[in-house]
Amino acid sequence: MVEIELDGQKVEVNEGSMVMHAAEKAGTYIPHFCYHKKLSIAANCRMCLVDVEKAPKPMPACATPVTQGMIVRTKSDKAIKAQQSVMEFLLINHPLDCPICDQGGECQLQDLAVGYGGSSSRYAEEKRVVFHKDVGPLISMEEMSRCIHCTRCVRFGQEVAGVMELGMIHRGEHSEITTIAGESIDSELSGNMIDICPVGALTSKPFRYSARTWELSRRKSVSPHDSTGANLIVQVKNHQVLRVVPLENEAINECWIADRDRFSYESLNGPDRLTQPMLKQGGEWKTVDWQTALEYVANGLKQIGANHGANSIGALVSPHSTVEELFLAARLVRGLGSDSIDHRLRNAEFSAPEGARWLGTSIASLGELQRVLVVGSNLRKDHPLFAQRIRQAARKGAQVHALYSAESDWALPVAQFQVAAADQWVNALASIAAAVAQEKGLVAPWSAEVTAQAQAIAKSLLGGDRKAVLLGNAAAHHANASSLLALANWIASETGASVGYLTEAANTVGAQLVNAQPTGAGFNAGQMVQGALKAVLLLNVEPAFDTAAGQAALAGLNKAEMVVTLSPFKTNLEISDVLLPIAPFTETSGSFVNAEGRLQSFHAVVKPLGETRPAWKVLRVLGNLLGLGDFAFESSQEVLAQAALATADQPQVAAGRLNNGSQAAIRASVAGEVAPVTAAIYQLDGLVRRAPSLQMTADARLALDEVTA
């Protein structure tokens, strides 16, 4: 440790730290633009100049290492004058457009200009103008004359997103930030550049000119998309969501969110929203009141149960639904005497697990791994924030290995990228297991040829201290999922690694914990979409997009006598008999359990739109109309308490029930089996599918091209 004196206060910091780090520890604010705690030091804005005793001139706090006994003054006359001089230079070319700038009210330059800027400028020359750039549907670079060349956006691309899409060209007053890798910014984390831009050069294109920042109410929430459980601040005006930004949580999403977390809010106010219950009568859709719709559903379920038996009734439920919604859906189905409920919509194998499949470690620990084997995942697109963590581990020297059906750009160094057709994944993973056995002189769990690539992966996994074998969405949906897990468990046990699932949706773990899947003789999702049921409840599910059967699921569900869709959107019109408008995550309270088993609850941030109602309330009323017991809940918190998951706001909630163990026998993949079904990055759920800006991105267009090819 090194002790310095900062503004008369003694501060101890680690050797190699900068003066800025000491100031942060002491709670002293030093004005700055280019410095960001998550990015490398650039020292190019010079706003953080401080007075260091015995130094001939002011020194940048962000780039001056501490030394024993150093005396630093941040508020001396020398430091203040230096900072004022820098501010004067920054404002020479800055346009005077604060009244129309989206950054107004949360602009670092605006804030610091009050304290360090002059009341007038000594420069009468014309200000420079930088031509605007069109870089895609998410980020606006219309006013690049505002840019102060802090290079935060450039460093973010290089260091966090893994792709240097922006760079600085030319020199001196001709310098400008522009795209250098292509014509658009296509990173799945690109929206974070908007947050870290200290001026209004990079702004949100969907939010542009929608509201002033001081008009917005800020409310906490949790992302309903992938299994990270990113913490959000949802910004609201007139009961309408206008912007979503990250809420910092070092244990989960740090200060970043993925673009689908940031921009999917557009669908909340879109034309597809369902705002009133609807019944199909004589082939025509008609708007009805809630009482009529719910009585129709209740009477229909009773009649079908009486005519065809209880197990002819079932529910397909989305793992993007809340714990409370899934718990009540399961209770309703089982209260009717059926066990046919399932959240495993894209699975091809439906073996009964011993417990809830989860990450097997904490999210934060992904950034500290030294060896990683990822099986069956396009990591960067499936889990952008997990990929970011592993990217940081790779920057520290971690060796990352992958087994997938196609080599893709993860924007991080991958030591071994083993490409194999999906029906060969078991053999490929068995080859790695055999290589591990060979290295350790053990008997392999499955006979397989040891390839050079498998041997390299095995040797890598046997080295290092912190290791993980991670199974992705495609591995979870695979027809031989249990064999892949059994092999992963064997490899992990012999190499000292953790083993876990990246898990697909916001509440995949929670769905398992509340038994939103058959526990006995009920039909699984695969059987239900083939036409096994006479009455089907669809909770946040669009079978054509969310199930492994795709469009074929519609034909199977059409065999049912009654299909009830509970959704925020007008969807499933061709197969449904009833549409019940339920609230999206912004209009209801609820909870999600993320991949690491962390339970996170949230409140509604806006009023339900029209006649929309929270799904847990709809299911509660339906349960009461059906005469089922234990549906007398007054709040979602009561439902959560009944679900018995509210043990603590800590990772590994209900830890004894999280279990990636498998006793399944390893079996060879069936030659020519259908490839596992996974969702593209902007097709994951109904919200992202209806967000116009996300659907105009390069990733969305690529996914559409693959579907239509």
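If you run side chain to side chain donor-acceptor pair (under 3.5 Å) between Asp546 and each of His320, Gln683, Arg689, only Arg689 comes through. Partner of Glu188 under the side chain to side chain donor-acceptor pair (under 3.5 Å) criterion, out of Gln388, Arg380, Arg260: Arg380 alone. If you run ring pair (Phe, Tyr, Trp, His ring centres under 6.0 Å) between His478 and each of Trp425, Phe350, Tyr404, only Trp425 comes through.
Considering every non-hydrogen atom in both Asn231 and Asn253, the closest pair reads N-OD1, 3.2 Å. Minimum heavy-atom separation, Leu640 to Ser601: CD2-OG, 3.7 Å. For the pair Val443 and Ala437, the tightest heavy-atom approach, listed with the atom from each and the gap, is C-CB, 4.1 Å. Residues Ile341 and Asn515 share a closest heavy-atom pair of CG2-O, 4.2 Å. Counting all heavy atoms, side chain and backbone alike, Val333 lies closest to Ala315 at CG2-CB, 3.7 Å. Shown here for Asn572 and Pro543, the closest heavy-atom pair between the two residues is OD1-CD, 3.3 Å.
Relative ring orientation between Phe386 and His383 is described as parallel, the plane-to-plane angle staying below 30° on a 0-90° scale split at 30° and 60°.
Between the Gln600 side chain and the Val222 main chain, no donor and acceptor come within less than 3.5 Å of each other. Although no hydrogens or angles enter the test, the distance criterion places a donor-acceptor pair under 3.5 Å between the side chain of Asn660 and the main chain of Val499. No side-chain donor-acceptor contact under 3.5 Å links Arg371 to the backbone of Ala398. Thr228 places no side-chain N or O within 3.5 Å of a backbone atom of Ala230 that could act as its donor or acceptor partner. Side-chain N or O atoms of Lys467 include one that pairs as donor or acceptor with a backbone N or O of Leu461 at under 3.5 Å. Of the possible polar contacts, one joining the His343 side chain to the Ala516 backbone as a donor-acceptor pair under 3.5 Å is found. Here the side chain of Asn480 pairs no donor or acceptor atom with the backbone of Ser483 at under 3.5 angstrom. With His401 contributing its side chain and Ile457 its backbone, the two residues share no donor-acceptor pair below 3.5 Å. With Asp339 contributing its side chain and Thr519 its backbone, the two residues share a donor-acceptor pair below 3.5 Å. A distance-only check finds a donor-acceptor pair linking the side chain of Glu596 to the backbone of Ile363 [under 3.5 Å].
Under a cut-off of 6.0 angstrom, the local environment of NZ in Lys381 is crowded, with over 12 non-hydrogen atoms contributed by other residues, nucleotides or ligands. For Lys220, the NZ atom is loosely surrounded, since the number of other residues' heavy atoms within 6.0 Å does not exceed 12.
In this structure, Arg667 pairs ionically with Glu349, as a charged nitrogen and a carboxylate oxygen lie closer than 4.0 Å. Lys396 has a carboxylate O that lies under 4.0 Å from a charged side-chain N of Glu368, or vice versa, which qualifies the two as a salt bridge.
Remark: aromatic rings of Trp410 and Phe417 are close, center separation under 6.0 Å. Taking the six-membered ring where the residue is Trp, the centroids of Phe592 and Phe585 are separated by 6.0 Å or more.
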>> The test is salt bridge (Lys or Arg N to Asp or Glu O under 4.0 Å); show your working for Arg690 and Glu542 and say whether it passes.
In response: CA-CA 13 Å; Arg690 290 175 172 82; Glu542 297 176 274; 2.6 Å; yes
> Yes or no on side chain to side chain donor-acceptor pair (under 3.5 Å) for Ser460 and Gln399, after CA distance, side-chain angles and deciding distance?
Replying inline: CA-CA 7 Å; Ser460 174; Gln399 295 177 12; 2.5 Å; yes
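Side-chain contact check for Ser338 and Asn311: at least one donor-acceptor pair (N or O, by modelled atom type) lies under 3.5 Å.
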